[in-house]
Every structure is written in C-alpha cells, then in structure tokens.
There are 2 protein chains.
Amino acid sequence: MSQAAVSLVLGDKWRGRVSETTAERVREAARRLDYRPNLAARNLRLGRTRTVLLVVPALTTEFFAGVYTGAARVAADHGFGVVLYPSPEGIGPARDPFASARAALDGVLASSMAADALTAIRGDQLPLVMLDSDPHGSLGAATVNLDIADGTRQVADHLLALGHRHFLHVAADIPSWTFDVRARELATRLRAVPGTTLRTAGTPMTIEGALAAAETALDTPGPRPTAVVCDDDKLAAGVYKALRRRGLRVPDDVSVTGVDDIALATALDPELTTIRLDAERFGEHGMHALLAVLDGRTPDQGDIPVELVVRGSTAAPSPF
Amino acid sequence: MSQAAVSLVLGDKWRGRVSETTAERVREAARRLDYRPNLAARNLRLGRTRTVLLVVPALTTEFFAGVYTGAARVAADHGFGVVLYPSPEGIGPARDPFASARAALDGVLASSMAADALTAIRGDQLPLVMLDSDPHGSLGAATVNLDIADGTRQVADHLLALGHRHFLHVAADIPSWTFDVRARELATRLRAVPGTTLRTAGTPMTIEGALAAAETALDTPGPRPTAVVCDDDKLAAGVYKALRRRGLRVPDDVSVTGVDDIALATALDPELTTIRLDAERFGEHGMHALLAVLDGRTPDQGDIPVELVVRGSTAAPSPF
DNA sequence: ACGGTCTAGTTATACGTAAAACCTGACGTA
DNA sequence: TACGTCAGGTTTTACGTATAACTAGACCGT
C-alpha cells in the first residue's frame, strides 16, 4: 500500500491499476485515520486550484446574495470553491485583497455592474465570464444575460395597456450595460405610442437617493407622471416615500414598478409590481458557463427569461 | 540572485541577509516579469493557508452580508482570505462543499444561528470563534457578542415608558442563544411591571411567516397587544401586513419594533423603531478575535453595544 | 600570518500530491 | 522451455516555496 496507490484510489483513478481488495484497504484506512488529502499540495502539483472568483458590486444586496448562492451551489457540485471579491469600498491599488491570491484562481465570474473592480483584477489573463454584459463584448469574454430587455418591454406594455402616458424613469446611476438597455428599451417602447412623455431621474441605488431624485423629478414643471418605472425594488421604496410626502397614493394617483422581486417588494404597501429576476438561476448559469470555459467547451447561449409580477402598485391612472 | 534570495526579499525577511543592492535588483526583476509567488506552494511549505471560513445561516440577509463585509475587510488587512460556508439548504453529509477544503482552512468564524452547520464542520479541531454564542460556551470557543440583552431592555423600557402593557413577541423559530436571550430578557423586564401581559408567537424568519404568526396571535382571545416586539426587521414587515389586514394602524393602534435596522426598516411606512446592530463591526470584532486566537493571543472581551433607534412605529397606546 | 567573526550570498531540503516510469510474478502461447 | 503480456503494485520525480545549513570572502585583532 504505497503512497501512489493511495493517491490513485482516493483520486478515483484506480480502475485497472489497483485491485478491488487494496482499494478497499485504502478506503478503510483513510476512514479510520480521518485522512484528508492536502489541498495545497494537490493545487501545487496540478497547477490548478479549483477556485473561482465572483466579482459583485456589493454583497449587501439580496439579488447578488442570490447570485452567489446559485453560483456556489453549482461550483460545489463540480468540486469548485467560490471566493468573493469584497465590496468595492475596499478596492484600490493600495489594498487589493487579491493582490497575491489572484495567482491562486482558475477563473473569474464577474457582474457587469462591477466594471471598475474588474479592471483592477483583469491584469492577468484568467478565464472570464461576464454576468449581464454586452453580448458584443468588448472584453472578448463569454457572457450570460438576463433578458432584461424583454422584462422592460413587459413593464412598458403593462403600464401602457393600463392607460398610462406620462412616465418617470428612476434610473440607477451606475454605468452598466444592464441599465443602458433598460433606459433604451423603455424609451423606444414608449416612443412608439403617440402622446407619451418620459422623464428620467438618475440616483445612486439607495432608498434615500431614490427619494430625493423622485422628489426633484415630481417638482419639475410639465405633465405629472402617472407611472414611475424604477430600475430596482429598493429604488421603488424610495419612490413610495416621495409620493407619500407629496400626498400621492399608490396606485390610485401614481403607479410604481420595480425590478428584482426581493423580499422588500412584498413588504411594501401596496405590494410592488416588479420584474422578477431569478438571481440564483442567474448565478447557476454563470457558473455553468465559466466551468464550460475552463473545460475548453463553448458555454450555452441564450438569455435567461424574466417575468413580470403584477401586484397592487399598478393600476389605471385616475382620469384627471 | 538565487531563488532563496528572491524568497527572502519578497517575503520581506532580508534585513541583514541580503544587500540593499541585490534586494532592489530582485524587486525590479519581479516587477518586470510581473512575478507572483505561487500560493499553493507557499501554503504547502508553511502548512497554513491564511484562509478562514465564515459560517452564516444564510447570506440572503443584509445583516450577515454586513458581517461578511466587516470580517473580510479585517481579514484582508492581515493578509487573510475569507471563504463562506454556503447557505444551509446545501448542507448535508452527502454534499458538504467543504468535505476536503476543510483541510485548507486556518480557522472558523461561525454564527450561533448556524449551529447545525457547525456540527457538520466541527469534525476537525480548527480554531473557532463564535459570533453571538453562549459566553459560558459549551464549545469551549471564544465568543464575540452583540449586547442584545441591553438592546432588548431598551426596547422594553421604551414601550413601557410609552404606557404599553400588553405585548406580543414575534419570535424567530431558530434555536440560538441570541433569540433565547431576547425572549428571556423581554419576559423578565416586563414581569417587573405589574399588570403586563406577554404573548409569544414563533415563526420562521420570513415576511410571510411573521404575517401568519401575527394573524394567529391577534385572533387569540385575551387582551389585544398594543405593542409587538419582533426579533428582526423582516418579521416586523410581516406584522405590518397582518395589522393592516386587521384594520389596525401603526402606531396609532399598535406599536411595532424590530431588530437589525436594515434598509427595510426605513422603507416601511411608518419607519420602524428598531434596535440597530452594527453588522460590519460585529464581523470586524469577530475576525479580530479569530486572528488573535490564531496568533496565540487572548481575544478582547466585551460586548458590542447596540442602539435603540426610535422612529414612527412606536407611540403611546390609544387610551381604550 | 592566522583564527575568528561578519556579511552576503548559495545550496539543499522538506512540504504532500499526481502521475510517469519502472518492477515483478503469473499466465498464456508457440 | 522461452518469451511476451498483463495485472497489480512500487519508486521516483516535479510542482514552487521557506528556511536551515553551508560557503566564500573581507576584515580585524593579536
């Protein structure tokens, strides 16, 4: 029972090389000694770590927590580990937590919303898969996309069908493909209907930010919006507060929609009509794509469908 | 310029062993070649990985995301990495993602709310620090605690001072020291005032769960609670919905309090009176303690203070 | 002049694994 | 009998690092 035999058996490559008898002896001994192969040694020998990096803009988001969960599950199923690039506050040349650890990664799965962090990471040429980036990718990386364009169309159509003509888009102030697509898709969809107006208010992705942005937008002269389309459920919560302060009721006076369908959406009163994004599935698809790339295969194409969930925050506009 | 010299210089242990001239030559070469020391080899040689495991019940919580952020920041400052134990759904003997990776950890930082996961992990004797566990720890591990007992007292006193006498405790259905302490502290504090009643409703930590639990509790005969103390902001959101369904207004008819002070607390209408827990600080303290243990030092003692944030969800009970 | 000390290096080794290369005895076949 | 084949092992090597052990001069005091 040499070390080599042990390695073969435990590595599950012993068929035809080791007898069933010895294999069992090895397994028994391993069990008895609670033996665990040393990962560092294995990584050194193989030159791979079976660890990938997940780059997200901030973890303090239910959405990205879901992405992590999905990605980590798939990774674990394939014997991979997932390590997180910490929230962007801590990023900078001076204190890049992956300054050295980068050398210990097999690949990177990155959200397009963390482009700044990406440039910091993208010194070396690690296999990269983008979550929600330009399909005609400037980075030359594979991408996995939520079909957010479709979701935006669904929202627009839903509101138009209810009779809305005057819109406010509370938009995330983050340079990212996703948000560009939403703005563009919303604008084109509305332009197709004569007599519609569209106002846009940019804001950081916080409740307070959306509150302030919405208040300013509501105070702007011109036809008052009867429908507010938000880039995210959290922003919608801010909009609710702004409307409340102006004495406007949801949905009687103003309809509101969000994106994500996180717990907050049903905590609001009335419950929020929103585009449900399946964050875990997103993470799973992303990880599958990355594993495919690492494996030399071509990752599956095709956008992940999204779904409009109609709740109490949207209704026909009041006739005045 | 031997390999040893390089190792010494890059490892910053060259004083008195290598001349400044050679040291600079090494640094220059490393820069030019974009050389990064191989982590696997270093880990193998040193028998340490500078990686610790953070065990949390679920990442889909703003609170634990904050804990991670704080812990990861401190870890990074000390050249350590943090890896997460995935959400508990995936846990089980059959598919423990750390089955082998465990051997590659230097220590564990674990929330008491993930006790089940802990037993799965706690086969080997890794240095362990508990977040919020029994100070007379049955595990013999160091602990870092939020002073949740004090927070509970503050809430109780606040509501008692407002004149409330009939209470409902919407309690998390998770066996954990934290929640035990809250229940106990609330009960003793209220018992000290004659004429008070306390009802308790257990629930999983979801909005829907709290909604159902609160509805049931409200339908129970007996004096109707005028104050609802929730173990968590998310539960409070469920209580808001239950009260709304019963036609009760917050805070006019019923006062509500939470714990955590996550974004949801200010998204609610009225904004939620809650116990603010500094999640990041919690994570930072925990990581400091763990690093101390790894270093052979004794971790700092002392609970982390919490703060009652009074907002619009609490008021004097209506005189009827 | 010569042993001793100090400086600035180099050489050698071990860490635990995976896998290639090598060994050995049993068996089948001509 | 001689020889090839094969199953079932074992020995050996390389991975890249940290560090202990060693070495070669330079310098110094006596």
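The figures that follow rest on heavy atoms only: side chains count, while hydrogens, waters and symmetry mates do not.
With values rounded to the nearest 0.5 angstrom, A:L39 atom CG is found 9.5 Å from B:N43 atom CG. Between atom OG1 of residue A:T49 and atom CZ of residue A:F80 there is a gap of 7.5 Å, rounded to the nearest 0.5 Å. Here OG of B:S7 is found 8.0 Å from NZ of B:K13. Values are rounded to the nearest 0.5 Å. Considering OG1 of B:T61 and CE of B:M205, their distance stands at 7.5 Å, rounded to 0.5 Å. To the nearest 0.5 angstrom, B:L105 atom CG is 14.5 Å from B:R50 atom CZ. In this structure, B:D303 CG and B:N145 CG are separated by 5.0 Å, a value rounded to the nearest 0.5 Å.
OP1 or OP2 of D:dT19 sits under 4.0 Å from a side-chain N or O of B:K13. Taking only side-chain nitrogens and oxygens, A:S7 never comes nearer than 4.0 Å to OP1 or OP2 of C:dG16. Contact annotation: B:T22 reaches the phosphate of C:dG9 (side-chain N/O to OP1 or OP2, under 4.0 Å).
The side chain of B:V18 sits closest to C:dG9 out of C:dT17, D:dT10, C:dG9. Nearest nucleotide to the side chain of B:A4, out of C:dG9, C:dT11, C:dA19: C:dT11.
C:dC15 atom P lies 12 Å from atom CD of A:Q3, rounded to whole Å. Straight-line distance from the CH2 atom of A:W14 to the P atom of C:dA20: 19 Å, rounded to whole Å. In this structure, B:R17 places its CZ atom 10 Å from C1' of C:dT10, rounding to the nearest Å. Distance A:E24 CD to D:dG8 C1': 17 Å, rounded to the nearest Å. What separates CZ of B:R25 from P of C:dA8 is a distance of 14 Å, to the nearest Å. In this structure, B:L8 places its CG atom 8 Å from P of D:dT19, rounding to the nearest Å. As rounded to whole Å, 18 Å separates atom P of D:dC15 from atom CG of B:L39. A straight line from CG of B:N38 to C1' of D:dA14 spans 13 Å, rounded to a whole angstrom.
For the pair B:A5 and B:A41, both in contact range of DNA chain D, the more 5′-proximal nearest nucleotide belongs to B:A41. When each of B:L46 and B:A23 is assigned the nucleotide of DNA chain C with its nearest heavy atom, B:A23 is the one assigned upstream, toward the 5' end.
Looking at heavy-atom distances under 4.0 Å, B:S19 makes contact with sugar-phosphate atoms alone, never a base. The residue A:L44 sits close to a base: some heavy atom pair falls under 4.0 Å.
At a cut-off of 3.5 angstrom, counting only N and O atoms as typed in the model, there is no donor on one side facing an acceptor on the other between the side-chain of B:E20 and the base of C:dA8. Below the 3.5 angstrom threshold, one finds no donor paired with an acceptor across the side chain of B:R45 and the base of D:dG16. The base of C:dG16 has none of its N or O atoms less than 3.5 Å from a complementary donor or acceptor on the side chain of A:R42.
Taking a pair as Watson-Crick or G-U with both hydrogen-bonding distances under 3.5 Å, the stems of three or more pairs touching DNA chain D are C:1-30 with D:1-30.
B:H288 and B:H78 have perpendicular rings, their planes meeting at more than 60° on a 0 to 90° scale where under 30° would count as parallel.
The residues B:E28 and B:R25 are annotated as not salt-bridged, no charged nitrogen and carboxylate oxygen being separated by less than 4.0 angstrom.
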